[in-house]
Amino acid sequence: MFENLSNKLNTAMRTLKGKGRITDVNVAATVKEIRRALMDADVNYKVAKEITDRIKDEAMGQKIVIAVDPGQMLVKIVHDELVKLMGSQVQGINLKSDPSVILIAGLQGSGKTTFSGKLAQYLKKSGRNVLLVACDIYRPAAIDQLKVLGEQVEVEVYSEPENKNAVQIAQNALEYARKIGKKVIIVDTAGRLAVDEAMMNEIAAVKEAIKPSETLFVVDSMTGQDAVNTAKAFNDRLNFDGVVLTKLDGDARGGAALSIRHVVEKPIKFISTGEKMDALDQFYPDRMASRILGM
Amino acid sequence: VGKSKVDDEVLDELEEILISSDVGVETTVKIIRRIEERVARDKFVSTSELDEILREEIAELLAQNKSEDITDAFKKSDIKPYVIMVVGVNGVGKTTTIGKLASQFHKAGNKVILGAGDTFRAAAVDQLKLWGQRVGIPVIDHGMNTDPASVAFDAVKQAVEQQADVVIIDTAGRLHNKVNLMNELAKIKRVVQKFLPEAPHEVLLVLDGSTGQNAFIQAQEFTKATDVTALAITKLDGTAKGGVVIGISDQFKIPVKYIGVGEKIEDLQVFNKKEFVNSLFKRKA
Ligand SMILES: Nc1nc2c(ncn2[C@@H]2O[C@H](COP(=O)(O)OP(=O)(O)OP(=O)(O)O)[C@@H](O)[C@H]2O)c(=O)[nH]1
Ligand SMILES: Nc1nc2c(ncn2[C@@H]2O[C@H](COP(=O)(O)OP(=O)(O)OP(=O)(O)O)[C@@H](O)[C@H]2O)c(=O)[nH]1
Ligand SMILES: [K+]
Ligand SMILES: [Mg+2]
Ligand SMILES: [Mg+2]
């Protein structure tokens, strides 16, 4: 794909050669190719437009070095721009309160429960005393699923199978954690759509009740154009602190990462790369940029 | 579209609608090009005509979709037992769709049996069993971490013995780029065929309606591995439009049979081409 884009750009830029400098008129076809490549990678339509406009400005007036492959030169400009947009540093999570509360939210099937297990293991390995909390009271066997993962990573799971009030369960769990001296609690919640008012009210109430120091929004890397709407809607209600990008062991280009970052301006803090409990990694913007461009 | 004549601006707006619905660049360009041709030919095309033309063009891309024929999807089939294998990547809604399908088949008077072929994901068997309980039908399971192919074999065998009408086999979610897991699907099929050579009669690929262009590769790879015969598109109760289906229908000629519109047992509909196209162009509220 990288070859692909850079070839396409070469073709588009062939006409530029000999003209010396990139100008408004002669760069149009090239910018269009870049925009298409981004949209092919599921970068949101509007975001792709904004980015390519910015790249155009950047490229404008730059000398085309005839000896250098002009396609490659432009791909590098694009790549650097994407890295910049996704934030250049690795971002940690806030664990300053005692106990620190981490709230996990997102759409159905995005990978919240799996990630909760992984994060529990990750924090446990770094020496913290962790409690997992099962606040999904809707999905069939959601509690069992978290319990199985809790067993795998050897972290206690707090649940109240008979209680149908997620806010109460979360509050009780926090109280329990204080009592037995847990330092971190990770609260897994049900998947929900941003347009589901009742469910969005529920998670807002959970957040209000337990005041997490870290709220993470979990997104499937295969998500398409709608990613920005969802992220924006969740952010409006939860003002989350960071994003978790899942299923990156697949071959989706993951343009959603860029769109979300661009629209809500929150850092991507973790990536999920498999079903097993150790398939968790930090987010590296440069790798993601290469992936989006198919490099 | 507040204009009366189709010009570049109108086409740009159309492009935005299509791309924003996940139709994809290639298919969008194809549709726009065809409309440009119409405009060039007919000289003056009004925006209200455009609406009609567009629906026609997209309907044509969905042409292989024999959705009109599926009015009695849950009626008793001549084939007994009718074996459905459900496949797809992780978290798209396979198990939930099975629960909903089972309910519909059951309501239409079919004797239904489920096979708990996801023996891998945490509590997957329990999840399917709860759906079985909701519907009031048996679930064949061998527990977790057992061989999915032998679960499927057993489910089909028991269906024959108990004269069931429909068997639906759940499988673990798997990403299409994982060769071993994709081969496992072929194995499940082979093992089932040892008992019932013509089974599975349907391989249902479940796609998440919020998925972007990757759904294309999913359709391609699952088709290679198991000869997918039908698609189900889930989570269309959200704001995602599932437009990627247009390109998939165009290229793979696999009909969309069902759509998922919620998490409840009744939230399954038989795919309706017209409604789907309408929902793509529904103005933002
Ligand atoms: N390949 C892969 N699969 C993943 C990853 N993360 C989660 N999964 C799988 O995706 C599916 C859904 O994951 P869950 O953790 O149940 O998702 P969830 O967001 O909790 O789902 P709901 O609670 O139903 O909203 C399961 O099959 C997981 O094993 C990942 O990074 N890679
Ligand atoms: N809103 C909505 N949610 C759905 C729909 N279909 C399934 N879900 C939800 O999506 C999540 C995942 O569904 P599952 O049926 O477990 O998905 P799966 O493909 O079996 O997942 P794995 O077996 O882990 O690969 C659950 O929370 C379901 O309730 C739908 O049509 N609309
Ligand atoms: K998903
Ligand atoms: Mg969950
Ligand atoms: Mg399942």
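No experiment lies behind these values; they were computed from the predicted model shown. Computed from heavy atoms alone, side chains included, the values below leave out hydrogens, waters and symmetry copies. Note on naming: letters A, B, ... go to the chains in the order of the sequence lines (proteins, then strands), and numbering restarts at 1 for each one.
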Between [X] and chain A, which part of the residue has a heavy atom less than 4.5 Å away: side chain, backbone, both or neither?
| X | answer |
| --- | --- |
| B:Asp126 | both |
| B:Lys178 | side chain |
| B:Val125 | neither |
| B:Ile19 | both |
| B:Val244 | neither |
| B:Phe216 | neither |
| B:Glu263 | side chain |

Does any donor atom in the side chain of [X] or [Y] lie under 3.5 Å from an acceptor atom in the other side chain?
| X | Y | result |
| --- | --- | --- |
| B:Asn214 | A:Asp42 | no |
| A:Ser272 | A:Lys247 | no |
| B:Asn183 | B:Asn180 | no |
| B:His176 | A:Asp251 | yes |

Exercise. Using a cut-off of under 4.5 Å for heavy-atom pairs, which of B:Gly93, B:Ser21, B:Ala123 has the most such pairs with chain A?
Worked result: B:Ala123

For this session: Could you tell me which of B:Gly238, B:Gly24, B:Gly243, B:Ala122 has the largest number of non-hydrogen atom pairs under 4.5 Å with chain A?
Result: B:Ala122

Problem set entry | Residue part contacting chain B, namely of A:Glu275, when any heavy atom lies under 4.5 Å | side chain

Exercise. In terms of heavy-atom proximity below 4.5 Å to chain B, should A:Asp249 be classed as side chain, backbone, both, or neither?
Worked result: both

Exercise. Taking the six-membered ring where the residue is Trp, are the ring centres of A:Phe234 and A:Phe240 under 6.0 Å apart?
Worked result: no

Exercise. Sub-3.5 Å donor-acceptor pair from the side chain of B:Ser20 to the main-chain atoms of B:Ile17, do we have one?
Worked result: no

For this session: Check for a donor-acceptor pair, side chain of B:Ser210 on one end and backbone N or O of B:Ala240 on the other, with a separation under 3.5 Å.
Result: no

Problem set entry | From B:Thr211, B:Asp208, B:Thr96, residue fulfilling side chain to side chain donor-acceptor pair (under 3.5 Å) relative to B:Lys235 | B:Asp208

